[in-house]
Structure formats: structure tokens, C-alpha cells
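Note sheet for the following structure.
Throughout, protein chains are lettered first and strands after them, A, B, ... in sequence-line order, and every chain is numbered starting at 1.
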Amino acid sequence: MSTDLRDSRPPLPASPAAAAASTPAAARVPVPAATAELHDLVIDWFGEHARDLPWRRPDAGAWSVMVSEFMLQQTPVVRVLPVHAEWLARWPRPADLARESPGEAVRAWGRLGYPRRALRLHAAATAIAHQHGGEVPHSHSELLALPGVGEYTAAAVASFAYGRRHIVLDTNVRRVFARLVTGVEYPPNATTAAERRTATALLPADEGTAAQWAAATMELGALLCTARSPQCGACPVAARCAWRLAGSPPHEGPARRGQTYAGTDRQVRGRLLAVLRASTDPVPQAALDAVWHEPVQRARALDGLVEDGLVEPLADGVYRLPA
DNA sequence: CATCCGTGGAT
DNA sequence: TATCCAAGGAT
């Protein structure tokens with residue numbers, strides 16, 4: 001919203017030159033002002049164009065936010081929407097999920113992918129129910145201690161659910177900063193210390209503004225500053241985007257290798273688990289054998305699922321989702 | 001730090 | 001058809 005006009009925030013966004021040069025007052029003054037403008041531009045844009053997502057509505061609690069964050073880890077919004085609604089209706093509070101078997105969480109996960117997330121979310125709900133009085137923790141460190149919650153998710157829940165001030169570095173925000181600040185098309189493969197410094201430098205001092213900034217930059221990356229075809233014409237900060245000002249140079253260096261999927265253990269695991277999800281009764285070995293012809297890989301995949309706790313072997317070659 | 005872990009839509 | 005990519009985390 002309105003930005004505090006006093007420049008009480010830390011200096012420096014971009015220009016390494018400006019930062020390096022031990023410039024006296026004159027060169028430092030414009031920076032915080034420009035940063036405050038940046039906040040306003042992106043946050044105002046967000047106010048106009050933000051999607052009306054269930055976990056963003058005023059009545060959405062921290063649990064709704066947390067469930068959405070788990071589901072959105074590497075899965076697009078459109079596929080998350082219906083499953084998220086089912087989960088919140090069925091398990092309105094963490095304790096409700098905690099009372100279920102892990103297998104039911106895996107089943108209700110459906111085809112969102114990476115089903116270990118369902119297991120971890122169930123484990124997180126159990127920890128919340130038993131160790132946090134049933135309430136999703138507020139602090140970043142407590143969130144981080146939950147299974148399936150890493151640096152990003154802890155910051156996202158603290159920021160989106162509780163309005164706390166954190167750098168929130170997901171793939172969208174990292175891409176926005178790579179372009180806007182660093183002037184390159186894509187961020188590094190893994191989050192770097194330099195990215196954290198950039199995000200910290202740009203983080204609004206005011207807590208509420210910081211939370212809006214986090215959501216707004218993420219939305220900007222999701223809707224306009226996309227990986228494939230950025231819509232710079234509609235971008236509120238295109239005029240000061242370092243990448244654009246540099247002529248939108250293409251990504252340098254090796255293309256990030258896409259993970260081939262066909263024929264991998266992941267595909268086999270997916271098929272095996274699909275059979276188990278579809279059946280409320282334990283499944284005989286023969287039904288699992290039918291999904292993949294190669295016996296060695298098939299056995300390895302099944303062993304992996306058991307190892308991960310996604311599948312429970314019963315006696316005499318029968319399997320089911322974990323009770 | 002590199003790999004592994006699902007799934008499906010868009011280009 | 002092949003590749004890319006989507007609100008990452010754990011090891």
C-alpha cells in the first residue's frame with residue numbers, strides 16, 4: 001500500500017558500481033527512494049491484477065496457506081486448486097489430517113505428483129497437532145523444523161499466513177530479481193548467497209509492506225515475468241528492468257538439462273502408486289507386476305516406495321498404502 | 001552441490 | 001514429437 005516516505009530502509013538495490021564506490025551522501029540518497037517506488041509499483045500492480053486464489057482470501061487460515069504451499073511445490077496452480085479444496089473441506093484443521101492414516105493423505109493427493117509431499121504434510125500436521133497445540137507455528141524456525149518445510153516454504157507461510165517479514169525466494173521471485181536487478185534472463189540453478197543479499201536489500205522495512213512485496217513479486221513472476229515469454233509490455237517495472245535495459249540478452253551458459261521421464265524409476269513408481277491409490281483393498285503382487293514389464297526395475301521401484309513409506313508390504317506378497 | 005522425486009499442459 | 005517448466009525438499 002502506501003509506503004513510508006521516510007527512508008528508514010536499508011540502502012542499495014542494484015548497481016554494484018554504486019555500492020562499491022564509497023560515494024558520500026549524494027549518490028546514496030536516490031537509492032532508497034527508488035526502492036520505495038519499486039515497492040509501490042509492484043504492490044499497486046498486485047492490487048489490480050492478483051488472482052483470487054482460495055488460500056489468499058481473507059478467511060483463509062494458516063493451515064490453508066500451508067496446504068497450498070506443499071501442493072504448489074513444483075505443481076501448477078490450476079492442478080492444485082481442486083485438490084486443495086478437497087483437502088480443506090475434508091481436513092479443516094491440522095489435527096483432522098493428523099487423525100487420518102498417512103495412506104489416506106497419499107490417496108487424496110491424487111495425481112499432483114511427488115507424493116512424498118503428502119506424507120510430509122501428514123507428518124507436519126501430526127507435529128502441529130501434538131507439539132504446537134494444533135496451530136500452525138508463526139516463527140520461521142519452528143516452521144523450518146517441520147517435515148517437508150524448507151527455506152522457501154517456511155518464509156512463505158510466515159509471510160502469507162502471518163504477515164511476517166521474510167525474504168521469499170521461490171522460482172518466480174528469483175527470476176524477477178535475476179531480470180530486474182541482475183540483468184540476466186534466468187537465475188542460477190540453485191539459490192545463492194548473492195540472491196539472498198539482493199532479496200534482503202530490496203525487502204521493505206515495514207513488516208506488512210514486506211509481506212505484500214513478497215506476494216506481489218511472486219505474482220509478477222507467475223503472471224508476467226514468466227520463464228518462456230515474459231509480457232514486458234504489461235510489466236509495471238519494465239522501465240527500470242536491468243535485463244530489458246541491457247537489450248534482453250539471452251541466457252548464457254549451458255541449458256539446464258531437462259529430466260527425461262519416460263523409462264525412469266519415477267515413471268514406474270508413479271504407475272505402481274496409481275494402482276495402490278485406486279484400491280481401498282490391499283493389492284496383490286500380480287496387479288503391480290502388470291504395470292511394468294522389466295522385473296528388475298519394477299522391483300527396485302517398489303522397494304523404493306516401501307523405503308519411502310509410501311507403500312506398506314503385508315504378508316504373502318500383498319501391498320497397500322500405509323495405514 | 002548434484003540428484004532424485006511425478007505429472008501434465010504448453011510450445 | 002521432444003523439450004520445457006511448474007509457489008521445492010531431502011540427501
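Under the 4.0 Å criterion applied to side-chain N and carboxylate O atoms, A/Asp96 and A/Arg90 are not assigned as salt-bridge partners.
Close to B/dG6, at under 4.0 Å from its OP1 or OP2, lies a side-chain N or O of A/Arg269. OP1 or OP2 of C/dA2 has not a single side-chain nitrogen or oxygen of A/Tyr261 nearer than 4.0 Å.
To the nearest angstrom, C1' of B/dC4 lies 14 Å from CD of A/Glu307. Here the P atom of nucleotide B/dC5 and the CG atom of A/Leu272 are 13 Å apart, to the nearest Å. Straight-line distance from the CG atom of A/Asp265 to the P atom of B/dT7: 13 Å, rounded to whole Å. The distance between atom CD of A/Gln231 and atom C1' of B/dA10, rounded to the nearest whole Å, is 14 Å.
One N or O on the side chain of A/Arg277 and one on the backbone of A/Gly110 form a donor-acceptor pair closer than 3.5 Å.
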TODO: At under 4.0 Å between heavy atoms, which parts of nucleotides 6-11 of chain C does protein reach? Answer with one letter per nucleotide, 5' to 3': B base, S sugar-phosphate only, - none.
DONE: BBBBS-
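Between the C1' atoms of C/dG9 and B/dG9, the separation comes to 24 Å (whole Å). Taking atom P on both C/dC4 and B/dT3, the two are 16 Å apart, rounded to the nearest angstrom. Comparing the same atom, C1', in C/dA7 and in B/dT11 gives a spacing of 22 Å after rounding to whole Å.
Interatomic distance, CG of A/Leu169 versus CZ of A/Arg196, reported as 7.5 Å (0.5 Å rounding).
Other residues, nucleotides and ligands contribute at most 12 non-hydrogen atoms within 6.0 Å of the CZ atom of A/Arg93.
As judged by a 4.0 angstrom heavy-atom cut-off over every strand, A/Phe70 is placed among residues making no nucleic acid contact. Note on A/Leu112: a base of the nucleic acid sits closer than 4.0 angstrom, heavy atoms only. A/Arg111 comes within contact range of the sugar-phosphate backbone alone, with a heavy-atom separation under 4.0 Å but no base atom that close.
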Check: residues 305-317 of chain A side-chain donor-acceptor pairs under 3.5 Å, at least two apart:
from	atom 1	to	atom 2	distance (Å)
A/Asp308	OD2	A/Arg269	NH1	3.1
A/Asp308	OD2	A/Arg269	NH2	2.8
A/Glu312	OE1	A/Ala323	N	3.3
A/Glu312	OE2	A/Arg320	NE	3.1
A/Glu312	OE2	A/Arg320	NH2	2.7

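The aromatic rings of A/Trp213 and A/His39 stand perpendicular to each other, their planes meeting at an angle above 60°, with 30° marking the opposite boundary. Taking the six-membered ring where tryptophan is involved, the planes of A/His138 and A/Tyr162 are essentially parallel, since the angle between them stays under 30° and well short of 60°.
When only modelled atom types and interatomic distance are considered, A/Ser101 and A/Glu104 share no side-chain donor-acceptor pair under 3.5 Å.
A/Trp243 has its side chain out of reach of A/Thr182: every pair of non-hydrogen atoms, C-beta onward, lies at least 4.5 Å apart.
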Task: Base-pairing string, 5' to 3', of DNA chain C - Watson-Crick or wobble, under 3.5 Å, | interstrand - done: .|||||.||||
